[in-house]
Novice: 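Sharing a structure here in structure tokens format.
One is the number of the first residue; the rest follow in order along the sequence. All of these numbers come straight from a predicted model, not from anything done at the bench.
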Amino acid sequence: MDRMSPLDATFLHIEDGVNHMHIASCARFEGPAPSYEALVELFRGKLPLVPRYRQKVRFVPGSIGRPVWVDDAHFRIDYHIRHTALPPPGSDDDLRNLMGRLMSQQLDRNRPLWEVWMVEGLADGTWALISKVHHCMVDGISGTDLMALVLDASPGGSPPVEDDWHPAAEPSDTDLIRDAINDTLASPAELARWARSSLRGPKAMLAHAGEVLQGAKAMGQALRPNVELSIEGTIGPHRRWAWARTSLADVKRIRATLGGTVNDVVLAAITSGFRDLLLSRGDEIDGVVVHTLVPVSVRSAGDHTANNQVSGMIAALPVGIADPVERLQAIREQMAGLKDSHQAVAAGALVEMAGFAPPMLLSMGLRTAIGVMRRMPQRSVNTVTTNVPGPQIPLYACGCEMLEYLPFVPLSQGVRTGVAILSYNGKVGFGVTGDWDTVPDVAVLAEGIERCVAELLALAVAAGST
């Protein structure tokens, strides 16, 4: 048995019939498509590299311990890899609609929490892989590592990994309870060891405590309710999805000429997209900002474990600024300040504290909070914006090159739209998720992102030629 971390368990507990907590991607490959059997064999040959893909979740009776991962004795790979085709003409809209429908379906908790859909029938002769993995299994960083493991770095592929997997016996309810009690009894000892370790380095402990307090104050200020905006409110279970595209070279040229970082330029483009969306809806946006949760990876270099190692901070997207260069400058200044605010340190400390909370109370508390958010509007966080660096080399599936890699980010109560950014092999893809009922105009946001990048690039080219 492998017990979930507090953060992994949180992603599982906050999921219900409306808040689906899977992350996903849509990868497009050059054609023609391989056979379904060849794709299954590709994944089968890499399964030993990703043990979690053959494990399922078991909940501890009475929630006296966090859920655990156990081997699925009835694992069948052909359940998880599906095959479908778009109806003619197989347009981009057809692919986006399929993605939205698949993302509206909750993963089966009685099986390993992942699915892959092979999609044929695209009008341009390409084919797609839609990958869907529960957030309790992976965060964005390790999730892209898993895709890099499954796919090949050359058209010729690689031999299958030797596989001698035999599922371990599934624990009984009694085993789960006994193991959870042992973990609970060990917690005071773990806390004592942490305290002794801290006392051996009091200066470092005090410095960390100061950062946590500073970060908590900054996050408290950032979470003050925003003005009422049409992009916030309750959501349903169904999703829409759109994409925007640019190149890493264009983003870097904008950064080099107009200032800021790659992330600053990306956030400026997203800000423009939200500005266009709000203006098209008639919202009053003079002096207005959009509060976005920005997940921050705390994964150390070289760490490829399949668990969540993320914290977060709140940024304010200045949608009220009309000039694109001024928007970029405002974001640049703000992001520099956020790094010094230690918001991510404070959020990480909260996650660590959750590890000492009784699992039953943690589960009940999260479910209660979701229920309250459903009944009462929250205006502290308007959207989520996640930026993940993907592989910067071409990848292949069954000899077919992956041409683009477009991400999906889940929504939660009060947040009707979110944007995920994923770079791959010199390209930058934006995946825009919207609630089906309340964000029928999700394409406006996506088109606004591309328009802003083009506008900033034109300004950068003009500035560079003078």
Side-chain angles (χ1 to χ4, degrees), residues 8-26 56-57 59 67 79-80 82 84 86 93-117 119 130-138 140 143 229-243 277 281 292-293 295 363-386 406-420 431-446:
D8 291 348
T10 296
F11 286 122
L12 196 64
H13 289 320
I14 65 176
E15 182 177 57
D16 56 23
V18 173
N19 300 283
H20 308 311
M21 293 307 298
H22 42 255
I23 56 178
S25 64
C26 179
K56 64 180 182 179
V57 176
F59 291 89
Y79 170 83
H80 297 275
R82 287 94 183 276
T84 190
L86 298 177
D93 280 343
D94 292 328
L95 181 58
R96 286 189 282 260
N97 288 337
L98 174 64
M99 183 77 169
R101 287 196 296 272
L102 295 180
M103 295 306 108
S104 303
Q105 301 167 10
Q106 190 172 342
L107 288 161
D108 184 352
R109 292 191 173 196
N110 295 312
R111 300 176 183 271
L113 296 173
W114 65 279
E115 296 173 358
V116 171
W117 292 77
V119 184
I130 294 177
S131 172
K132 180 177 172 183
V133 184
H134 200 284
H135 213 326
C136 71
M137 287 179 64
V138 292
L229 296 171
S230 64
I231 57 172
E232 67 198 16
T234 58
I235 61 173
H238 304 295
R239 302 290 175 262
R240 297 180 189 268
W241 185 71
W243 65 60
L277 180 63
R281 294 178 168 201
T292 181
L293 172 64
S363 174
M364 291 174 59
L366 289 169
R367 294 180 189 279
T368 299
I370 291 296
V372 170
M373 289 173 63
R374 188 168 296 156
R375 294 189 299 270
M376 298 176 60
Q378 65 86 18
R379 294 202 292 269
S380 297
V381 178
N382 306 120
T383 188
V384 59
T385 309
T386 176
L406 302 165
F408 170 92
V409 63
L411 304 180
S412 60
Q413 282 299 336
V415 176
R416 291 175 168 174
T417 186
V419 183
V432 184
T433 306
D435 174 61
W436 175 270
D437 295 310
T438 59
V439 193
D441 46 358
V442 64
V444 175
L445 200 164

Novice: Would you say L411 and R416 make side-chain contact, with heavy atoms under 4.5 Å?
Specialist: no
Novice: Taking all non-hydrogen atoms of both residues into account, name the closest pair between N110 and K56 and its distance.
Specialist: O-CD, 3.6 Å
Novice: Is any side-chain heavy atom of L277 closer than 4.5 Å to one of D441?
Specialist: yes
Novice: Once you round to the nearest 0.5 Å, how far does CD1 of I23 lie from CE of M103?
Specialist: 11.0 Å
Novice: Would you check if L113 and C136 make a side-chain contact, meaning some heavy-atom pair closer than 4.5 Å?
Specialist: yes
Novice: Considering non-hydrogen atoms only, spot the tightest contact between A446 and A242 and give its length.
Specialist: CB-CB, 4.0 Å
Novice: Which pairs count as salt bridge (Lys or Arg N to Asp or Glu O under 4.0 Å) when at least one residue sits in residues 97-108, sequence neighbours excluded?
Specialist: D108-R111
Novice: What is the distance from atom CG of L95 to atom CG of L406, rounded to the nearest 0.5 Å?
Specialist: 8.5 Å
Novice: Which heavy atom in A9 sits nearest to a heavy atom in P67, and how many Å separate them?
Specialist: CB-CD, 4.1 Å
Novice: Do D435 and R240 sit within salt-bridge range, that is, some charged N less than 4.0 Å from a carboxylate O?
Specialist: no
Novice: Measuring only between side-chain heavy atoms, which start at C-beta, is L86 closer than 4.5 Å to V119?
Specialist: yes
Novice: Just say parallel, tilted or perpendicular for the rings of H13 and F59, cut-offs at 30° and 60°.
Specialist: tilted
Novice: Please round to the nearest 0.5 Å and tell me the distance separating atom NE2 of H135 and atom CG of L12.
Specialist: 12.5 Å
Novice: With heavy-atom distances below 4.5 Å as the criterion, would you say the side chains of V116 and H80 are in contact?
Specialist: no
Novice: Is a donor on one side and an acceptor on the other found under 3.5 Å between the side chain of H20 and the backbone of P237?
Specialist: yes
Novice: Do you know which two heavy atoms are closest between H238 and S104, and how far apart they sit?
Specialist: CA-OG, 3.3 Å
Novice: Identify the two heavy atoms, one from T438 and one from T234, that lie closest to each other, and give their separation to 0.1 Å.
Specialist: CG2-O, 4.3 Å
Novice: Does a side chain donor of either E115 or H22 reach within less than 3.5 Å of an acceptor in the other side chain?
Specialist: no
Novice: I'd like to check V419 versus L445 (side-chain heavy atoms, cut-off strictly below 4.5 Å). Are they in contact?
Specialist: yes
Novice: Applying the side chain to side chain contact (heavy atoms under 4.5 Å, CB included) criterion to V384, which one of V409, T417, T433 satisfies it?
Specialist: V409
Novice: Answer yes or no: is there a donor N or O on one side and an acceptor on the other, between the side chain of T292 and the main chain of T385, under 3.5 Å?
Specialist: yes
Novice: So, taking the atom named CG in L293 and the one named CG in N382, what distance separates them when rounded to the nearest 0.5 Å?
Specialist: 11.0 Å
Novice: side-chain contact (heavy atoms from CB on, under 4.5 Å) for V415 and I235? Distances and angles first, verdict last.
Specialist: CA-CA 8 Å; V415 176; I235 61 173; over 6 Å; no
Novice: I'd like to know if the side chain of N19 pairs up with that of D16 as donor and acceptor (distance under 3.5 Å, no hydrogens or angles considered).
Specialist: yes
Novice: Flag the pair F408 / M99 as yes when at least one side-chain heavy-atom distance between them is below 4.5 Å, and no otherwise.
Specialist: yes
Novice: Hey, what do you get for CG (L98) to CH2 (W241), rounding to the nearest 0.5 Å?
Specialist: 10.0 Å
Novice: Looking at every heavy atom in both C26 and I130, which two are closest together, and how far apart are they?
Specialist: SG-CG1, 4.0 Å
